[in-house]
Amino acid sequence: MADVIRIEEVSAHVGETVAIKGWLYLKTGKGKLQFLRVRDGTGIIQAVVFKKDVPAEVFEAARRLSQESSLVMTGTIRADPRAPGIPGGYELGVDDLQIVQVADEYPITPKEHGVEFLQDHRHLWIRSSRQWAILRVRATVIMAIRDWLDSNGYVNVDTPILTPAAGEGTTTLFEVDYFGQPTYLAQTGQLYNEADIYSFGKVYCFGPTFRAEKSKTRRHLTEFWMVEPEVAFCDLDDLMGIEEEFVSHIVRRTLEERGPELGLLERDTSALERVEPPFPRISYDEALEKLAAIRAETQDPVLKEALALEWGSDFGSPHETALTKLYDKPVFVYGYPTACKAFYMEPWPGRPEVSKSVDLLAPEGFGEIIGGSERISDPALLEQRIREHDLPPEAFTWYVDLRKFGSVPHSGFGLGVERTVAWITGTRHIRETSPYPRMLNRIYP
RNA sequence: AGCAGGGUAGCGCAAUGGUAGCGCACCAGGCCGUUAACCUGGGGGUUGCGGGUUCGAGUCCCGCCCCUGCUGCCA
C-alpha cells in the first residue's frame, strides 16, 4: 500500500502515489465525476474520482459517501490552482477508495446554524473548519507561551486548583466539598507564585482557573486557562517590558506557524504584524483625559452616556473599546485607583490612592488580555490591607510570612489564553476559543 | 442580576386571528471540473410548556421554561 501522508505536507508529494486517511467534509457530485473534500486533521484536500479512471465499485463507493464518512483513499497528488482546501492548490486523483464507515446523517451541514444548536453539538462542531482553525491557533499560542517562558529563565511551578480560601476576596468562587471541609476551585495561582519566586526567582503557573461570576458576555467563561508569570526583583516598568516581549513573541509565532488557519479565518494579519515592542504606555489619569475628549466629540448620546466615568472607577467594556481604537497595537494602562483593584497591589510612591497596577488592552476592540501589578512587599502594609478588605487574616498567615524572610519588590501578571486567542484569530465570542467552553447556563457537552 | 430581541420540519427562516410554507439536509433520478454546484420528483409538523379570550390562535392576553445580544464583574 502507498505511504500515508498528512494533508498539511501535501506540497512535498506532488507526482507521488500516496494514501490519505480521513473524513468526508463535503461532496459535490457531477455525474461521472465526484469531488470529495476530505479532512485528515491537518488540512483539507479535494479528491477527484473520475468514473472512467476507477473500477465501477470504487466509483459507486464514492457516490454512496455521506458527510463525515471515514475513508482511506489512494491516488496521485497533483498541483491544480482550481483545487480548494487547506492548503489549497493541490488535489488527489483517486485510484482506489475504501470506506471505513458510512456516517449517519450528519446534523451540521455547510449551511447556517444557530448558536444554541452548534453549542449543543460542540463534540461535532469542533470538526468544522473554522473551529478547527481556531483550536489549532490555540495550541500554537499555548506552545509559544511555554516556549518563551521556558527559554527566558522561568521555571514552571504549577499551583493548586483546590484551595482553602479566596485568592482575591472579590469574585465569586466555586465551592467543593473536600472531605467535609469547604474548599474552592482556584481563581488564580498568584499567591502561590509569590511563594515560589523565593525559591526559583522567576516562575510561572499555567492551568485552568474558575470563576463563578454570573457573567453573560462575549468575553467571559467560568472555566478558562491563564498563564501567570511572577518575577522577583521586578518593578512595574520591568513588568511592562516583559509583557510586551512575551505578547509579541506569541503573535509572531502564530503568524509563522498558522498562516493557513489565519487565512481561513479571514484574519487581517497586517494588524498582527504591527505587534512589536514597544507598546504605548498610558496612565489611568491620561486614559481618563482621552476618554473625556472622545466623549466631548461624539454625537452619539448612547456612547456619551456609556463613556461617563468618575476618577476612582474601573474601566468598563465601552471604555476599553474606545481607548484601544486610538492605537494600532496593544496598549498598557497603568496606575489604576487602589480602591478598584485587589488588596495585594503596591501603592504608588507618594500617591496612596493609586496602585502600581497595569492592564494590557488588545487592539481592535478586543479589550483586556492581561492584568498585572507590583505586589506589596512590606508585611505591615499587607496586614493592614487584609484588614481593610475584610479578609480572614488566618487564611493569609503564610502569605504574609513571605514578606518576613528576604522580602523583595516583585511583580507578576496573568494572561487569559482564550481572550488572547480570540484577539489573534479575530473571533468575536470567546466560547469558540475553548474546545468545551464552560459558561453560565452551559456545561454540556 | 438589569435592559432588549427571540423559540414554527433534523437545521436556517416565512406565514392580516381563517387549509402551516420556503431553502438546506435526507430519499429516487439526471448531469465529464465542482468551489455552500445545478435540474426534476418525493417523504418529513403535538408551532417551547401550562392556562385564558374567540365560531376559529403559530398569531391576542396571563404565568413559567429556554436561547441570543448588550451592560455590570473580570483574564
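Note that the structure is a prediction, hence the values are computed from the model and not measured.
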(request) Can you tell me which residue pairs pass the salt bridge (Lys or Arg N to Asp or Glu O under 4.0 Å) test with a partner in residues 297-309 of chain A, sequence neighbours excluded? (result) none

(request) Examine Phe279(A) together with Tyr327(A) and report whether their ring centres are nearer than 6.0 Å. (result) no

Would you classify [X] as touching base, sugar-phosphate or nothing, given that sugar-phosphate means primed atoms plus P, OP1 and OP2, and contacts are heavy atoms under 4.0 Å?
X	result
His113(A)	sugar-phosphate
Gly114(A)	sugar-phosphate
His319(A)	nothing
Thr209(A)	nothing

(request) Quick one: classify the glycosidic conformation of C32(B) as syn or anti, with syn meaning within 90° of 0. (result) syn

It should be established whether [X] places a side-chain nitrogen or oxygen under 4.0 Å from OP1 or OP2 of nucleotide [N].
X	N	result
Asn441(A)	C66(B)	no
Gln119(A)	U68(B)	yes
Ser215(A)	C74(B)	no

(message) Phe210(A): which residues meet the ring-ring contact (aromatic ring centres under 6.0 Å, His included) condition with it, sequence neighbours left out?
(response) none

(request) With sequence neighbours left out, write down each residue that passes ring-ring contact (aromatic ring centres under 6.0 Å, His included) with Tyr90(A), or none if nothing qualifies. (result)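 For Tyr90(A) there are no ring-ring contact (aromatic ring centres under 6.0 Å, His included) partners, ignoring immediate neighbours.
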
Say you pick atom [atom1] in [N] and the same atom in [M]; how far apart are they, in whole Å?
N	M	atom1	answer
C49(B)	C55(B)	C1'	26 Å
C22(B)	U40(B)	P	14 Å
A1(B)	U8(B)	P	24 Å
U53(B)	A57(B)	C1'	10 Å
C39(B)	C64(B)	P	48 Å
C3(B)	G42(B)	C1'	47 Å

(request) Start with the C-alpha gap between Tyr204(A) and Glu228(A), add the side-chain angles, then the distance that decides, and say whether side chain to side chain donor-acceptor pair (under 3.5 Å) holds. (result) CA-CA 5 Å; Tyr204(A) 71 95; Glu228(A) 296 178 273; over 6 Å; no

(message) Less than 4.0 angstrom from a charged side-chain N to a carboxylate O is my criterion; do Lys341(A) and Asp359(A) meet it?
(response) yes

(message) Check this for me: does any side-chain nitrogen of one of Asp237(A) and Arg281(A) sit under 4.0 Å from a carboxylate oxygen of the other?
(response)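 Counted as a salt bridge, because a side-chain N and a carboxylate O are separated by less than 4.0 Å.
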
(request) Give a yes or no answer on whether the side chain of Thr254(A) reaches the backbone of Ile250(A) with a donor-acceptor pair at less than 3.5 Å. (result) yes

(message) Keeping Ser69(A) on the side-chain end and Ala103(A) on the backbone end, is there a donor-acceptor pair under 3.5 Å?
(response) yes

(message) Measuring from the side chain of Lys216(A) (C-beta onward, heavy atoms only), which nucleotide among U71(B), C73(B), A75(B) has the closest atom?
(response) U71(B)

(message) Could you walk me through whether Glu68(A) and Arg39(A) satisfy the salt bridge (Lys or Arg N to Asp or Glu O under 4.0 Å) test, starting with their C-alpha distance in whole Å, then the side-chain angles of each, then the deciding distance to 0.1 Å, before giving a yes or no?
(response) CA-CA 9 Å; Glu68(A) 289 303 316; Arg39(A) 321 180 279 107; 2.8 Å; yes

Polar-atom pairs under 3.5 Å, protein N or O versus N or O of nucleotides 33-36 of chain B: list them with distances, or write none.
from   : atom 1 : to       : atom 2 : distance (Å)
G33(B) : OP1    : Lys30(A) : NZ     : 3.2
G33(B) : O2'    : Arg82(A) : NH1    : 3.3
G33(B) : N1     : Glu91(A) : OE2    : 3.0
G33(B) : N2     : Gln46(A) : NE2    : 3.3
G33(B) : N2     : Glu91(A) : OE1    : 2.7
U34(B) : O2'    : Thr28(A) : OG1    : 3.4
U34(B) : O2     : Thr28(A) : OG1    : 2.8
U34(B) : N3     : Gln46(A) : OE1    : 2.9
U34(B) : N3     : Gln46(A) : NE2    : 3.3
U34(B) : O4     : Gln46(A) : NE2    : 2.8
U34(B) : O4     : Arg82(A) : O      : 3.4
U35(B) : N3     : Arg82(A) : O      : 3.0

Under-3.5 Å N/O pairs linking protein and nucleotides 41-46 of chain B:
none

(request) Map Phe224(A) and Thr321(A) onto RNA chain B by nearest heavy atom, then report which one ends up closer to the 5' terminus. (result)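 Upstream on the strand: Thr321(A).
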
(request) Could you pick out which residue, Lys214(A) or Glu105(A), lies toward the 5' side of RNA chain B when each is mapped onto its nearest nucleotide? (result) Glu105(A)

(request) Check the distance between C70(B)'s C1' and Glu305(A)'s CD and give it to me in whole angstrom. (result) 15 Å

(request) Tell whether Arg419(A) reaches the base of C74(B) with its side chain through a donor-acceptor pair below 3.5 angstrom. (result)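 Checked by distance alone, the answer is yes.
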
(request) May I ask you to decide if the ring planes of His123(A) and His121(A) are parallel, tilted or perpendicular, using 30° and 60° as cut-offs? (result) parallel

(message) Reading 5' to 3' and counting Watson-Crick or G-U wobble pairs with both distances under 3.5 Å, write the dot-bracket notation for RNA chain B, | for bases paired outside the strand.
(response) (((((((..((((....[..)))).(((((.......))))).....(((((..]....))))))))))))....

